[in-house]
Amino acid sequence: MNLNAFNHSASLASGLLHVKKYPKIDMHVHYIPQEYRSIIGKYEGKYPDGFATPSWSVEDHLKFNKKMNIQTSLLSLSSPHFYFGDDEETRKVAHKVNTVGAEISKKYPENFQLLGSLPLPNIKNSIAEIEYAIKELHVLGFTLPTNTKGHYLGQPELDPILEKLNQYKSIVFLHPNEPGKVPDKVNEGLSVPAMEFLFDTTRTVINMTIHETFKRYPDIKFIIPHGGAFLSLLADRMDSFFKTVPVNGKKINVDIYATIKHLYYDVAGFPIPRQLEAMLSLVDTDHLLYGSDYPYTPSIGCEGLAGQLSQTRLLSEREKKDIFYNNAYNLVLKSKSIEN
């Protein structure tokens, strides 16, 4: 082995040691049941969101968890959401993928738990699935797309769903979806997750803020993905606009800083070196949660990103342990362990 190859191997080994140092709960991680793969293939072809849906199996995921020292993964579906205009088809898919996910978590309860999916935007079907998923499947929470074909969270039409989730004091993990409208002839060929995911997450949280969603449903614990997207960069600007410029003829009576501080955030993606520092100026570390985004982020990428987080000087040793494990345990798993 030449010196360069040796140094590269030593660097990879050192990084993996840092990755394995901290036990983890993975809050942003996906499963890909066949029913989901089939419906997005049917409507979106081979490259939904601009790239191929990755391979996934329980066996591969268990190996990944062991390699990364992940104790529990909170499985959820990624983008695109599986609504393509047919409410009944969407209802059946939601029911099936939730059942499959629950079977996985039942078989491997220490390794996997489920965040259920809903047949949005249908209100009646979504409320029925919430009841079923909680009472029969024992999901730990739900994942909701930022929008479903232009039906955005925060819009009053979706309020009955949030009322039901608030009733159950649910954990709700937001996942970005392709925006309802994307301008033509700009950034052509760039995959949707590269940039539009962050725009749509930010757009949705601001929409929810304007409609006082977080105020009106205070018992829902919302988790915002990818380090809050652009919220930390826009907070000062939004504060000024909310204080001085009416929205639809009304002054927005909201403290954007308090809203951002109240929410939870996973740190999937690329929080090092800049994004995390901005978030830490607004959010306490007990509201930050580890997320790998596996398998859409391949294993080697997950190792590198977790290694950066493990080694950053922006966080103390205690804060790293909290972000990798303790915060998610206290938020999601503690009540389940007490129940059991």
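We use all heavy atoms of the structure for the numbers below, so side chains are in, but hydrogens, waters and symmetry mates are not. All values derive from a computational prediction rather than experimental measurement.
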Could K24 and Y325 be counted as a cation-pi pair, given that NZ or CZ must be under 6.0 Å from the ring centre and within 45° of the axis?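 Not flagged: K24 not positioned over aromatic ring of Y325.
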Flag the pair H61 / F112 as yes when their ring centroid distance falls below 6.0 Å, and as no otherwise. yes
Would F230 and F199 count as a close aromatic pair, with their ring centres under 6.0 Å?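 Yes.
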Show which residues join L305 in its hydrophobic cluster (side-chain heavy-atom contacts under 4.5 Å, direct or indirect), or state none.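 Besides L305, the cluster holds F270.
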Y168/I130 under side-chain contact (heavy atoms from CB on, under 4.5 Å): CA gap, chis, key distance, verdict: CA-CA 9 Å; Y168 282 111; I130 290 170; 4.2 Å; yes
Run the ring pair (Phe, Tyr, Trp, His ring centres under 6.0 Å) test against Y296 and tell me which residues pass, sequence neighbours left out. H30
Among all residues two or more places apart in sequence or in another chain, which pass the ring pair (Phe, Tyr, Trp, His ring centres under 6.0 Å) test with Y132?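 H95.
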Tell me which pairs pass salt bridge (Lys or Arg N to Asp or Glu O under 4.0 Å) where either residue lies in residues 110-132, with sequence neighbours left out.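 Found E131-K135, E131-K164.
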Give me the atom names and distance for the closest heavy-atom approach of [X] to [Y].
X: G101; Y: L114; answer: C-CD2, 3.8 Å
X: T297; Y: S292; answer: CB-O, 3.7 Å
X: D200; Y: T204; answer: O-OG1, 2.7 Å
X: K215; Y: V254; answer: NZ-CA, 4.4 Å
X: I323; Y: T285; answer: CG1-O, 4.0 Å
X: Y152; Y: G180; answer: OH-N, 3.0 Å

Apply side chain to side chain contact (heavy atoms under 4.5 Å, CB included) to [X] and list each qualifying residue two or more places apart in sequence or on a separate chain.
X: E157; result: H151, Q155
X: E178; result: D49, V182, V192
X: E277; result: L314
X: S316; result: R318, E319

Residues which pass side-chain hydrogen bond (donor to acceptor under 3.5 Å, both in side chains) with D219, listed by chain and number, not counting sequence neighbours: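 Here no residue qualifies.
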side-chain hydrogen bond (donor to acceptor under 3.5 Å, both in side chains) partners for E59, two or more places apart: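 Once residues adjacent in sequence are excluded, E59 has no partner under the side-chain hydrogen bond (donor to acceptor under 3.5 Å, both in side chains) criterion.
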Do other residues, nucleotides or ligands put more than 12 heavy atoms under 6.0 Å from the NZ atom of K92? no
How long is the straight-line distance from CD1 of I39 back to OG1 of T90, given to the nearest 0.5 Å? 5.5 Å
Which side-chain N or O atoms in residues 206-214 pair as donor and acceptor under 3.5 Å with protein atoms at least two apart or in another chain?
from	atom 1	to	atom 2	distance (Å)
N207	ND2	L153	O	2.9
T209	OG1	V205	O	2.8
T213	OG1	M208	O	3.3

Residue pairs meeting ring-ring contact (aromatic ring centres under 6.0 Å, His included), one or both in residues 66-93, sequence neighbours left out, come to Y43-F84
